[in-house]
Number of protein chains: 2
Amino acid sequence: MERRSKCVKMLAMATRPQRSERRTDALSRERIVEAAIEILDADGEAALTFRALRTRLATGSGAIYWHVANKDELLAATTDDVIARVVTDVSAGAEPREAIRAIASGVFDAIDAHPWVGGQLSREPWQFAVLQVFEALGQQLGALGVPERARFDCASALLNYVLGLAGQYAAGARLIARETDRSAFLASVAERWATLDPAEHPFLHQVTPQLLDHDDRQQFLAGIDLILAGIDAIR
Amino acid sequence: MERRSKCVKMLAMATRPQRSERRTDALSRERIVEAAIEILDADGEAALTFRALRTRLATGSGAIYWHVANKDELLAATTDDVIARVVTDVSAGAEPREAIRAIASGVFDAIDAHPWVGGQLSREPWQFAVLQVFEALGQQLGALGVPERARFDCASALLNYVLGLAGQYAAGARLIARETDRSAFLASVAERWATLDPAEHPFLHQVTPQLLDHDDRQQFLAGIDLILAGIDAIR
DNA sequence: ACCTGAACACCGTTCAAGT
DNA sequence: ACCTGAACACCGTTCAAGT
């Protein structure tokens, strides 16, 4: 996708006299979204500012606003970009239950690779990216034989669960960025739990060991399976 | 809770010569949190700024920072304040399944009354308010007879679902604030769905009627029941 | 100990002016 | 049509100075 096009252009300008030919790397909505994703991946949500963007794209802020209405739209576009790949990646031939797990896993992995996507998904629920996931889940529920009346609620339950984890995971990533690593972060959470009165918080004390060595992805899929089991029960 | 204490003080100052007695309404963390909640309820998340706060409290920004570390801590405190009441309100005597529904309903109603709480819950997952909900859910799962090994995953699934809805609902409220009302908002969502290709989005087209007249609270509880049914199935 | 309020270092967004 | 970049109206936060 021509990530180095800016450098190429600058080299060309330095070695050749400028020509009137159309620059192939002219500013475009696509290039802006791409640059935004690079900033978000490298330095997190807080680092994405129009100033950072115009520096990276070597342009003025007004130029960015020519292609993108505002920051909300830009964030929605970056999220759509990442999620679109997930949903279309799910192979159409799979068995419905496996397909649902694959969709959920795909969203999980996308958030794992780009934590800022989690924050964005849970903040803007009716954006296109979320619709894509909702549609994909709903189709598979149909294939699974869930009666039409119940499909809306079931898809909604799965979607809310996925979005809930999305937000949680994104927030976790935000905190871990400040700490050293994941296990140190979990240890500090466990420490805080340990300071709570065991008489008032018996459950938290009980599950602290599980907190410390649980696998996020596995726990996420366990939740999906739980909801699928519930769907089986009402079917 | 003395909501009018500022006015009382001003009247007192106007009618009596100042006395050296300690003002009962001196600035305190509690009063700041209370004022913040009033601003959030009246005008939404975007309206809560330190400038709005210092105007309402008739003080300087530094005074607020003396009692509260920063804006994140203030937001966490407001959320804790609202959620604490929900969790302690759940009557201890209820049957576990009903208690879980009551906890979930309580969180739902709190978010319904204070949409900004939803945004905050889904953004800061390990804050105290969320721990309280997690603890309450976990305790009831124990009472329900869920084996210890599975309790962590089950509580996690319920919590993620609740937090997912929290974020979604908060975002919806943010959008509805700009539109006229809820049904106009849903109609505009349905309109957008209608523009999508029915061949690619059959599910969305199918459930549009249900979108238009669904009850948020009822749908939320249907999801809780679905997860509870799944928990029954694995028990 | 607690409060004041000016100042700092940022934001997102706009817009007259250029090509 | 597309881009520039200064300017505007905000933020959260700090801090010397007051009581």
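Proteins get letters first, then strands, A, B, ... in listed order; numbering begins at 1 in each. Computation of the quantities below employed the complete heavy-atom set of this structure, encompassing side-chain atoms and omitting hydrogens, waters and symmetry-equivalent molecules.
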Problem set entry | Comparing R54(A) and W66(A) on DNA chain D - which has the more 5′ nearest nucleotide |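 On the 5' side of the pair lies W66(A).
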
Rounding to a whole Å, what distance do you find between [X]:[atom1] and [N]:[atom2]?
{"X": "L53(B)", "N": "dT13(D)", "atom1": "CG", "atom2": "C1'", "result": "14 Å"}
{"X": "L27(B)", "N": "dC2(C)", "atom1": "CG", "atom2": "P", "result": "10 Å"}
{"X": "I64(B)", "N": "dG5(C)", "atom1": "CD1", "atom2": "C1'", "result": "12 Å"}
{"X": "I39(B)", "N": "dG12(D)", "atom1": "CD1", "atom2": "P", "result": "11 Å"}
{"X": "K71(A)", "N": "dC10(D)", "atom1": "NZ", "atom2": "C1'", "result": "14 Å"}
{"X": "Y65(A)", "N": "dA7(D)", "atom1": "OH", "atom2": "C1'", "result": "14 Å"}
{"X": "F50(A)", "N": "dT14(C)", "atom1": "CZ", "atom2": "P", "result": "10 Å"}
{"X": "L74(B)", "N": "dT13(D)", "atom1": "CG", "atom2": "C1'", "result": "14 Å"}

For this session: Both distances under 3.5 Å, Watson-Crick or G-U wobble: report the partner of dG18(C), or none.
Result: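 Base-paired to dC2(D).
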
Exercise. Given that both distances must come in under 3.5 Å, which nucleotide forms a Watson-Crick or G-U wobble pair with dG12(C)?
Worked result: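 Across all strands, the one nucleotide that pairs with dG12(C) is dC8(D).
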
For this session: Answer with base, sugar-phosphate or nothing: what part of the nucleic acid does R51(B) contact at a heavy-atom distance below 4.0 Å?
Result: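 Base contact - R51(B) has a heavy atom under 4.0 Å of at least one base atom.
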
For this session: For dC2(D) and dA17(C), measure between their P atoms and round to the nearest Å.
Result: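 One P to the other, the span is 22 Å.
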
Problem set entry | Pair E135(A)-Q139(A), side-chain donor/acceptor within less than 3.5 Å |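 Distance-only check passes for E135(A) and Q139(A).
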
For this session: Verify whether one side chain among H201(A) and Q132(B) offers a donor that lies under 3.5 Å from an acceptor in the other.
Result: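 Per modelled atom types, H201(A) and Q132(B) side chains form a pair under 3.5 Å.
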
Problem set entry | Under 4.0 angstrom between H67(A) side-chain N/O and dC3(D) OP1 or OP2 |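 Result: yes.
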
Problem set entry | Validation row: D81(A), E34(A) side chains within 4.5 angstrom (heavy atoms) |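 No, every pair of side-chain atoms sits at 4.5 Å or beyond.
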
For this session: Begin from the C-alpha positions of F50(B) and Y65(B) and carry the test ring-ring contact (aromatic ring centres under 6.0 Å, His included) through to its verdict.
Result: CA-CA 9 Å; F50(B) 275 80; Y65(B) 277 94; 4.6 Å; yes

Exercise. How do L48(A) and G62(A) order along DNA chain C: which one's closest nucleotide is nearer the 5' end?
Worked result: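 Its nearest nucleotide lies further toward 5', so the answer is L48(A).
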
For this session: Please assess Y161(A) against Y161(B) for the test ring-ring contact (aromatic ring centres under 6.0 Å, His included), listing each intermediate value before the final yes or no.
Result: CA-CA 4 Å; Y161(A) 172 74; Y161(B) 172 74; 8.2 Å; no

